[in-house]
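Both backbone and side-chain heavy atoms feed into the values below; hydrogens, waters and symmetry mates do not.
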Amino acid sequence: MKLLLDTHLLLWAAGQPRRLTAAARKLINDARNELLFSVVSLWEITIKQGLGRDDFRVDPARLRRGLLDNGYTELVIAGAHAVAVGGLPALHKDPFDRMLIAQALIEGITLVTSDPVLEDYPGPIRKV
């Protein structure tokens, strides 16, 4: 199964794995799953790090390299993803999360998140 990890799960998997739930660890460690990360997450980390957010203290370039080195696939932003954001219900105002949802819908992959608000969206979203 193809799994797109949301930003916080990526950060936790890379630097604080003890914060992952058992369900998240099981999915991430299952060799049958293809793990993806979105450039949206790198963009979010870069912006929030620049704002001085304590929960985003990671070098995005180093994180990207580490994810690629560990077999993650990078998902770029396509025009279809941007257009799909407009069709999402207004349940959540975070533009980064909305783009991740749109990418999951367009690409037919499962977005894995710890955010309970995101599971209210239609589509392939799995809360762990």
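- Between L4 and L75, some side-chain heavy-atom pair lies under the 4.5 Å cut-off.
- Note that CG of D6 and CD1 of I101 are 9.5 Å apart. Values are rounded to the nearest 0.5 Å.
- The hydrophobic clustering, which links ILVMFWY residues whose side-chain heavy atoms are closer than 4.5 Å, places L9 and L68 together.
- Every pair tested for side chain to side chain donor-acceptor pair (under 3.5 Å) that includes a residue from residues 9-28 fails, sequence neighbours excluded, so the list is empty.
- Annotation: side chain of M99 is not in contact with side chain of S38 (no heavy-atom distance under 4.5 Å).
- D115 places a side-chain N or O within 3.5 Å of a backbone atom of V117 that can act as its donor or acceptor partner.
- Distance alone, capped at 3.5 Å, is enough to place a donor-acceptor pair between the Y121 side chain and the P89 backbone.
- Formation of a donor-acceptor pair under 3.5 Å by the Y72 side chain with backbone atoms of E34 is not found in this model.
- When the side chains of ILVMFWY residues are joined at heavy-atom separations under 4.5 Å, either directly or via intervening members, L100 and I45 end up in two distinct hydrophobic clusters.
- Hydrophobic clustering of Ile, Leu, Val, Met, Phe, Trp and Tyr side chains at less than 4.5 Å, counting indirect connections, unites L63 with L35.
- To the nearest 0.5 angstrom, R64 atom CZ is 13.0 Å from L10 atom CG.
- At a threshold of 4.5 Å between non-hydrogen side-chain atoms, the residues T113 and H8 do not count as touching.
- Atoms CG and CD1, on D120 and I125 in that order, are 9.0 Å from each other to the nearest 0.5 Å.
- The closest donor-acceptor contact from the side chain of N33 to the backbone of L27 lies under 3.5 Å.
- Closest heavy-atom contact between V128 and A24: CG2-CB, 3.5 Å.
- The closest side-chain heavy-atom distance from H81 to E107 is below 4.5 Å.
- Using a 4.5 Å heavy-atom threshold, the side chains of K2 and T110 count as separate.
- L5 and L111 make their closest contact through C-CD1, 4.4 Å (heavy atoms, listed as atom of the first residue, atom of the second, distance).
- Within the 3.5 Å criterion, the main-chain N or O of P60 finds no donor-acceptor partner in the side chain of Q49.
- Atom NZ of residue K48 and atom CZ of residue R57 lie 15.0 Å apart, to the nearest 0.5 angstrom.
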Show your reasoning for whether salt bridge (charged side-chain N to carboxylate O under 4.0 Å, His left out) applies to R98 and D94.
CA-CA 6 Å; R98 291 173 60 81; D94 185 312; over 6 Å; no
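- For F96, the ring-ring contact (aromatic ring centres under 6.0 Å, His included) partners two or more places apart in sequence, or in a different chain, are W43.
- Cluster annotation: V85 and L118 are assigned to the same hydrophobic cluster (Ile/Leu/Val/Met/Phe/Trp/Tyr, side-chain heavy-atom contacts under 4.5 Å, transitive).
- Here L42 contributes atom CG and I47 contributes atom CD1; the two are 11.5 Å apart, rounded to the nearest 0.5 Å.
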Let me see the working for V39 and E74 under side-chain contact (heavy atoms from CB on, under 4.5 Å), right down to the final yes or no.
CA-CA 7 Å; V39 298; E74 184 174 66; 3.8 Å; yes
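- With rounding to the nearest 0.5 Å, the separation of OG in S114 from CD in E119 is 10.5 Å.
- Between the S41 side chain and the F37 main chain, no donor and acceptor come within less than 3.5 Å of each other.
- When every heavy atom of L88 is checked against every heavy atom of A102, the shortest pair comes out as CD1-N, 4.3 Å.
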Assess the residue pair L3 and I109 against the criterion (side-chain contact (heavy atoms from CB on, under 4.5 Å)); give the C-alpha distance rounded to whole Å, side-chain angles, the decisive distance to 0.1 Å, and a yes or no.
CA-CA 6 Å; L3 303 175; I109 56 182; over 6 Å; no
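- Using a 4.5 Å cut-off between side-chain heavy atoms of Ile, Leu, Val, Met, Phe, Trp and Tyr, with links allowed through other members, V83 and V40 fall into different hydrophobic clusters.
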